[in-house]
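So the structure is just underneath, and the comments pick up after that.
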Amino acid sequence: MKKTVLKFGLISGVLASILMASTLPFEDKLSHSYLVGYATIVASFLLVYFGIRSYRKNVGGGKITFGRAFTVGICITLITCLFYVATWEVIFHFYMPDFMVKYSAAVIQKMRAAGASEAAIQAKTQALQASTESYNNPLVRIPMTFMEPFPVGLLITLISAAVLRRKVSSQTAESALAASS
């Protein structure tokens with residue numbers, strides 16, 4: 001299992017890192033950057049499906065239980081998420097240390113454009129300042145970053161495990177047991 005998980009986890013992780021690094025420079029220019037961001041996350045997690053399928057074919061002899069498929073998929077997901085976090089940490093520290101300041105300014109500008117009251121804007125400004133302080137703490141930022149792609153990977157793992165599971169038939173299991181005796 002290690003070989004399959006590492007192979008597909010590393011490919012998925014590198015893909016996630018490349019896609020993140022290649023799309024972040026355009027974040028300010030894209031009006032739907034969340035959609036682009038999650039589309040790249042989904043694209044990288046497609047390797048969960050292929051990893052489970054490869055394990056079923058090459059290790060399971062065409063058979064795999066939901067539990068084993070889930071284990072393979074979630075391990076690939078965890079590796080991908082670690083790459084995602086590591087990439088964001090590099091980008092955040094070296095290229096976008098003012099990310100939260102720009103994000104906060106964009107939120108306030110959007111509120112003003114929507115005609116929000118000064119009291120609402122002031123309250124949101126204070127909340128964003130507190131969020132910025134929290135985000136600068138790596139013990140807060142790293143788990144937050146991890147939780148961006150993880151639910152997507154978990155969902156894709158669950159779907160892939162359900163779609164790809166193939167139980168060993170009782171007749172095949174009996175003949176395999178008889179052959180080993």
At what distance, to the nearest 0.5 angstrom, does [atom1] of [X] lie from [atom2] of [Y]?
| X | Y | atom1 | atom2 | value |
| --- | --- | --- | --- | --- |
| Met96 | Trp88 | CE | CH2 | 4.5 Å |
| Met20 | Tyr84 | CE | OH | 4.0 Å |
| Lys110 | Ile121 | NZ | CD1 | 14.0 Å |
| Ile156 | Leu47 | CD1 | CG | 10.0 Å |
| Thr125 | Ile108 | OG1 | CD1 | 3.5 Å |
| Leu155 | Ser160 | CG | OG | 9.0 Å |

Looking at every non-hydrogen atom in both residues, tell me the closest pair between [X] and [Y] and how far apart they are.
| X | Y | value |
| --- | --- | --- |
| Pro149 | Phe45 | O-CE1, 3.3 Å |
| Lys124 | Met111 | CG-SD, 3.4 Å |
| Ser104 | Thr132 | OG-OG1, 3.6 Å |
| Val59 | Thr4 | CG2-OG1, 4.4 Å |
| Thr71 | Met1 | CG2-CE, 3.8 Å |
| Thr80 | Ser12 | OG1-OG, 2.8 Å |

For this session: Please indicate whether Phe66 has more than 12 foreign heavy atoms, meaning atoms of other residues, nucleotides or ligands, lying under 6.0 Å from its CZ.
Result: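 Above 12, so yes.
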
For this session: State whether the number of non-hydrogen atoms from other residues, nucleotides or ligands found under 6.0 Å of Tyr103 atom OH is greater than 12.
Result: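 No, because the 6.0 Å sphere around OH of Tyr103 holds 12 heavy atoms or fewer from other groups.
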
Transitive ILVMFWY side-chain link [X] to [Y], under 4.5 Å:
| X | Y | answer |
| --- | --- | --- |
| Ile142 | Phe83 | no |
| Leu10 | Ile74 | no |
| Ile79 | Phe150 | no |
| Leu164 | Ile11 | yes |
| Leu6 | Val85 | no |

For this session: Measure the shortest side-chain to side-chain distance between Leu46 and Tyr49 over non-hydrogen atoms and say whether it is less than 4.5 angstrom.
Result: no

For this session: Answer yes or no: is there a side-chain heavy-atom contact under 4.5 Å between Lys2 and Lys7?
Result: no

Exercise. Yes or no on side-chain contact (heavy atoms from CB on, under 4.5 Å) for Glu118 and Arg112, after CA distance, side-chain angles and deciding distance?
Worked result: CA-CA 8 Å; Glu118 276 304 313; Arg112 282 203 169 100; 4.0 Å; yes

For this session: Test Phe70 against every option in Ile52, Ile64, Leu154, Thr65 by the side-chain contact (heavy atoms from CB on, under 4.5 Å) rule and name the one that passes.
Result: Leu154

For this session: Scan side-chain atoms only and decide if Thr157 and Thr77 contain a donor-acceptor pair under the 3.5 Å cut-off.
Result: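 Their side chains do contain a donor-acceptor pair, which is all the 3.5 Å distance test asks for.
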
Exercise. Once the angle between the rings of Phe99 and Tyr135 is folded into 0 to 90°, is it parallel (under 30°), tilted (30 to 60°) or perpendicular (over 60°)?
Worked result: tilted

Exercise. Sub-3.5 Å donor-acceptor pair from the side chain of Ser54 to the main-chain atoms of Phe50, do we have one?
Worked result: no

For this session: Could you tell me which residues satisfy salt bridge (Lys or Arg N to Asp or Glu O under 4.0 Å) with Glu89, sequence neighbours excluded, listed by chain and number?
Result: Arg141

